[in-house]
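Down below is the structure, laid out as structure tokens.
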Amino acid sequence: MGWLIGLGILIFLFILFVAFIGYKMVKPPRLVEDWTPRDFGFEYEDVEFTTEDGLKLSGWWIDNGSEKTVIPLHGYTRSRWDDVYMKPVIEFLLGEGYNVLAFDFRAHGRSEGKYTTVGDRELLDIKAAVGWLKENHPERAGKIALVGFSMGAIVTIRSLAEIEEVCCGVADSPPMDLDKTGARGLRYFASLPEWLYIFVKPFTKLFSGGREFHPLKYSDRIRKPLLLIAGEKDPLVMVDEVREFYERNRKINPNVELWVTDAAHVRTLKFHPEEWRAKVGEFLRKHL
């Protein structure tokens, strides 16, 4: 009888453990720094807009006098203040002459929201951003492009299929199999075994209320220009997974491109800045 009680206690403690991990996975730390676009010599406006489900999101609007606007989208656990890719990409886009609308996804940075859904309800966030731009600066919304990283890359892909106003997008390091990427994330972010994810996943959905979706399925829906970037040293997203999306999408989309580098996750811009700027700059000039 005693061993049954002991087993029950172990099971209870295990459930508490995986529940805690699930909670931590959907409630990322908030990254807020001191730098602003003024550091690049550009004036900006602090802006706020509200999503369909009632969350207020915080961002910057940098009017560069163009009819073309690019919205850069950060990844999981990051924010508009990320200095690995967001800071240099904002500076790059402004240097290219585009207006920039940069904001924090829900539960990140200074935006409202208790939990992230890693690409599900974040689609509502970009819809709110596009809606704010059209309402407040319609003369700057003639063409809208997205440049997304990791989670932001998932949202970029979904937006190309679901948001009419978005005309083209760059998806850098996009997870295509969220279960596999989530399991790898346990090892990458928390040094935990990947097999634990099967027990953690139900709690991430319970806490966040996020709906399960499959980015790969969007390969059959997108017909707008899309540049995919994948890194051979990426511990979270395998090149073959991105390549499968590319191969499926190019059957219906003549304007999809795949660029494979030797970089780690969202690190192509950091380690190959000139090549990244040249490739993305050419893509945006062509399609935006």
Side-chain angles (χ1 to χ4, degrees), residues 26 28-31 49 51 55 57-60 69-93 98 100-111 113 115-130 132-133 144-163 165-176 178 181-182 185 189 208 210 213 215 218 222 224-231 234 236-237 241-242 245 259 263-270 276 280 283-284 288:
V26 298
R30 290 180 177 269
L31 174 66
F49 38 85
T51 64
L55 296 179
L57 307 183
S58 178
W60 294 319
T69 296
V70 182
I71 306 177
L73 302 176
H74 67 79
Y76 170 69
T77 77
R78 310 311 292 168
S79 73
R80 72 187 118 143
W81 282 283
D82 170 85
D83 59 6
V84 173
Y85 52 82
M86 288 295 284
K87 187 175 185 178
V89 80
I90 291 173
E91 184 177 17
F92 164 70
L93 293 171
Y98 303 116
V100 172
L101 176 59
F103 70 93
D104 304 322
F105 279 121
R106 61 184 60 210
H108 290 80
R110 287 206 172 117
S111 290
Y115 305 112
T116 177
T117 61
V118 197
D120 174 25
R121 293 185 180 173
E122 285 71 17
L123 186 68
L124 301 181
D125 300 352
I126 185 62
K127 285 184 176 180
V130 171
W132 178 90
L133 179 63
I144 301 172
L146 306 180
V147 178
F149 299 84
S150 193
M151 178 179 73
I154 299 175
V155 179
T156 296
I157 288 171
R158 294 191 67 200
S159 298
L160 289 173
E162 300 190 34
I163 302 179
E165 294 86 351
V166 174
C167 69
C168 61
V170 178
D172 192 323
S173 307
M176 294 299 180
L178 295 183
T181 298
F189 290 109
S208 72
F213 69 97
Y218 283 83
I222 295 173
K224 297 176 182 177
L226 170 63
L227 171 60
L228 299 160
I229 302 175
D234 192 332
L236 298 173
V237 180
E241 294 164 2
V242 182
F245 181 99
W259 180 31
H265 194 65
V266 299
R267 292 300 190 274
T268 297
L269 176 55
K270 180 178 177 65
W276 193 98
V280 173
F283 175 85
L284 292 176
L288 185 62

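Numbers for residues simply follow the sequence, beginning at 1.
- Considering CG of Leu146 and CG of Leu226, their distance stands at 10.5 Å, rounded to 0.5 Å.
- Counting only heavy atoms from C-beta outward, the side chains of Pro72 and Val100 approach each other to under 4.5 Å.
- Looking at Phe103 and Trp132, their side chains never come closer than 4.5 Å, going by heavy atoms from C-beta outward.
- Between Ile126 and the choices Leu73, Thr156, Thr51, the side-chain contact (heavy atoms from CB on, under 4.5 Å) rule is met once, by Leu73.
- For Leu269 against Pro88, the heavy-atom pair with the smallest separation is CD2-CG, 3.8 Å.
- In this structure, the side chains of Leu123 and Lys127 come closer than 4.5 Å at one or more pairs of heavy atoms.
- Here the straight-line distance linking atom OH of Tyr85 with atom OG of Ser173 works out to 9.0 Å at 0.5 Å rounding.
- A donor-acceptor contact closer than 3.5 angstrom links the side chains of Ser58 and Arg80.
- Between Arg158 and Asp120 the shortest heavy-atom distance is NH1-O, 2.9 Å.
- The main-chain N or O of Gly152 is never found under 3.5 Å from a side-chain atom of Glu122 such that the two would form a donor-acceptor pair.
- Considering CZ of Phe245 and CD1 of Ile222, their distance stands at 4.0 Å, rounded to 0.5 Å.
- At least one side-chain heavy atom of Thr116 sits less than 4.5 Å from a side-chain heavy atom of Pro28.
- Between the CG atom of Asp104 and the CE atom of Met86 there is a distance of 8.0 Å, given to the nearest 0.5 Å.
- Not one N or O on the side chain of Lys224 forms a donor-acceptor pair closer than 3.5 Å with the backbone of Gly169.
- Between the CH2 atom of Trp81 and the NE2 atom of His108 there is a distance of 13.0 Å, given to the nearest 0.5 Å.
- Residues Tyr115 and Arg121 are not in side-chain contact: their nearest non-hydrogen atoms beyond the backbone lie 4.5 Å or more apart.
- Side-chain contact between Leu178 and Ile154 is present, with heavy atoms from C-beta onward closer than 4.5 Å.
- Sorted by first and then second residue, the side-chain hydrogen bond (donor to acceptor under 3.5 Å, both in side chains) pairs involving residues 69-79 (not counting sequence neighbours) are Thr69-Asn99, Arg78-Asp82.
- Using a 4.5 Å heavy-atom cutoff, the side chains of Trp276 and Val89 are in contact.
- Contacts of Cys168 classified as side chain to side chain contact (heavy atoms under 4.5 Å, CB included), with partners at least two apart in sequence or in another chain: Ala145, Pro225, Phe283, Leu284, His287, Leu288.
- When all heavy atoms of Met176 and Ile157 are compared, the closest pair comes out as CE-CD1, 3.6 Å.
- With hydrogens and angles disregarded, no donor-acceptor distance shorter than 3.5 Å links the side chain of Arg106 to the backbone of Asp125.
- For the pair Val280 and Phe92, the minimum side-chain heavy-atom distance is below 4.5 Å.
- Contact between Met151 and Val118 at its shortest, heavy atoms only, is SD-CA, 3.4 Å.
- A side-chain contact (heavy atoms from CB on, under 4.5 Å) with Val70 holds for exactly one of Ile144, Val147, Ile90, Leu101; it is Val147.
- Once rounded to the nearest 0.5 Å, the distance linking OG1 of Thr117 with CZ of Phe105 reads 9.5 Å.
- Closest approach of Ile229 and Pro174 over heavy atoms only: O-CD, 3.6 Å.
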